[in-house]
Number of protein chains: 2
Amino acid sequence: MEPVPMLLAMTYRALGDQFHDRLAQLGLEPLRPAHGYVFRFLKEKRATTVDIGHHLGVTKQAAAKIVNELDGWGYVLREPHPTDKRAQYVTLTTKGRDYLKFADNLWTDLESEMAEAIGADTLDTVKQGLAAYLRHVHGEDQPGLRPVW
Amino acid sequence: MEPVPMLLAMTYRALGDQFHDRLAQLGLEPLRPAHGYVFRFLKEKRATTVDIGHHLGVTKQAAAKIVNELDGWGYVLREPHPTDKRAQYVTLTTKGRDYLKFADNLWTDLESEMAEAIGADTLDTVKQGLAAYLRHVHGEDQPGLRPVW
DNA sequence: TAAGGTTGGACAACTTGGTTGACTACTTTG
DNA sequence: CAAAGTAGTCAACCAAGTTGTCCAACCTTA
């Protein structure tokens, strides 16, 4: 049996590849995982570029580059911060929210296919097991994302 | 509950970070995952740089860079190919085999800790589940490695 | 057995996705 | 109110890959 990290990485890759393939069929912009994480983050809360960088676990410069791309594609826009004249809030546009909804559906589909392939109960055990291990390692304070990409 | 890809990525990261931390404590060279995969590959079979590139799923140039590093650190050496004067076999040195043994022990430790944290039966279900999914997606012909790194 | 296509290895230029460092304008704190 | 800290931008750099080119050696194959 393959070692655990290999299994994790290959499964992650398999899922990601399928997601990307289906996305590419629609001729969307070449969004990378980091973009998706930004969407998900912005759905929750208003955030500045610095916030995003912190959430992704990269420097603010790297985050700024990503935000610039998303802005250029029309997925987000910047609006002035109400109290801090230096800062700007980055917010999702309608296009951004539409993309996120679409992506969520796609992920749900992929997870359903996985459940069908290996059994819903097995998938559930997998998820619970990994989540438990992460709690074991990190305690409650999850690390600033930055998985692999 | 977090979506599956996130769980996979974070768990992979958590394991990899711990591995790397413990390795770094020993002041070893900054080996990356790709190096480890090369070691494991070379333990099985004699291989040329091109073979290695194919196995890793990268170009031969990228593979050559990795082999050069490993050579510089004394983990591998090149020896002439018996029948093909262009080619060279890359083989593990004693230092390389020692490292591999050490790394294997470390991975075994980490997996044991994981088993302890979430239960050996749960870990087993996780492994079986992921392996089953990979078979479902890829059939028998595993893709040329290249997980995430 | 010579000719033409293929392959292993190396070198160079470029691309990507990040980094560190420096600077300005603004904010917060002692 | 002065000093320290922070948001955002610009620029230089770096790591790990890519493509493109080449040569020498190796297959075919006619």
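In what follows, chains are A, B, ... by sequence order, proteins preceding strands, each numbered from 1. Keep in mind that the numbers below use all heavy atoms, side chains included, and drop hydrogens, waters and symmetry copies.
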Peer 1: Not counting sequence neighbours, which residues clear side chain to side chain donor-acceptor pair (under 3.5 Å) with A/Thr125? List them please.
Peer 2: none
Peer 1: Among all residues two or more places apart in sequence or in another chain, which pass the side chain to side chain donor-acceptor pair (under 3.5 Å) test with B/Asp124?
Peer 2: none
Peer 1: Atom NE2 of B/His81 to atom C1' of D/dA25: distance rounded to whole Å?
Peer 2: 12 Å
Peer 1: Just to be sure I understand the rule, does B/Ala87 reach a base, reach only the sugar-phosphate, or reach nothing, if contact means heavy atoms closer than 4.0 Å?
Peer 2: sugar-phosphate
Peer 1: Rounded off to whole Å, could you give me the CG-to-C1' distance for the A/Leu56 and C/dG17 pair?
Peer 2: 13 Å
Peer 1: So, OP1 or OP2 of C/dG18: does either fall under 4.0 Å of a side-chain N or O from A/Arg32?
Peer 2: yes
Peer 1: Please list, in numerical order, the residues of residues 40-52 of chain B that have a heavy atom closer than 4.0 Å to any atom of DNA chain D.
Peer 2: none
Peer 1: Could you list the residues that satisfy side chain to side chain contact (heavy atoms under 4.5 Å, CB included) with A/Glu69, not counting sequence neighbours?
Peer 2: A/Arg32, A/His35, A/Trp73
Peer 1: Report the residues that fulfil side chain to side chain donor-acceptor pair (under 3.5 Å) with B/Gln61, sequence neighbours left out, ordered by chain and then residue number.
Peer 2: none
Peer 1: At under 4.0 Å between heavy atoms, how does the protein contact nucleotides 21-30 of chain C? Give one character per nucleotide, 5' to 3', with B, S or -.
Peer 2: B---BBS---
Peer 1: Could you give the CG-to-C1' distance, from B/Asn68 to C/dG9, as a whole number of Å?
Peer 2: 11 Å
Peer 1: Just to verify, what does B/Ala47 make a side chain to side chain contact (heavy atoms under 4.5 Å, CB included) with, not counting sequence neighbours?
Peer 2: B/Phe41, B/Leu42, B/Asp51, B/Ile52
Peer 1: Check this for me: does any side-chain nitrogen of one of B/Arg40 and A/Glu2 sit under 4.0 Å from a carboxylate oxygen of the other?
Peer 2: no
Peer 1: Using the side chain to side chain donor-acceptor pair (under 3.5 Å) rule, collect all pairs that involve residues 91-103 of chain A, keeping only residues at least two apart or in two chains.
Peer 2: A/Glu29-A/Lys95
Peer 1: Nearest to the side chain of B/Glu69, which nucleotide is it out of C/dG18, D/dA16, D/dG17?
Peer 2: D/dA16
Peer 1: Round to the nearest Å and state the distance from B/Glu79 atom CD to C/dG9 atom P.
Peer 2: 13 Å
Peer 1: For A/Gln88 and D/dT6, give me the distance from atom CD to atom C1', rounded to whole Å.
Peer 2: 14 Å
Peer 1: Do B/Tyr75 and B/Leu77 belong together in a cluster built from hydrophobic side chains that touch within less than 4.5 Å?
Peer 2: no
Peer 1: Sequence neighbours excluded, which residues qualify as side chain to side chain donor-acceptor pair (under 3.5 Å) partners of B/Asp109?
Peer 2: none
Peer 1: Once you round it to whole Å, what is the distance between C1' of C/dG8 and NE2 of B/His54?
Peer 2: 15 Å
Peer 1: Would you kindly compare A/Lys65 and A/Arg78 by the position of their nearest DNA chain D nucleotide and give the one closer to the 5′ end?
Peer 2: A/Arg78
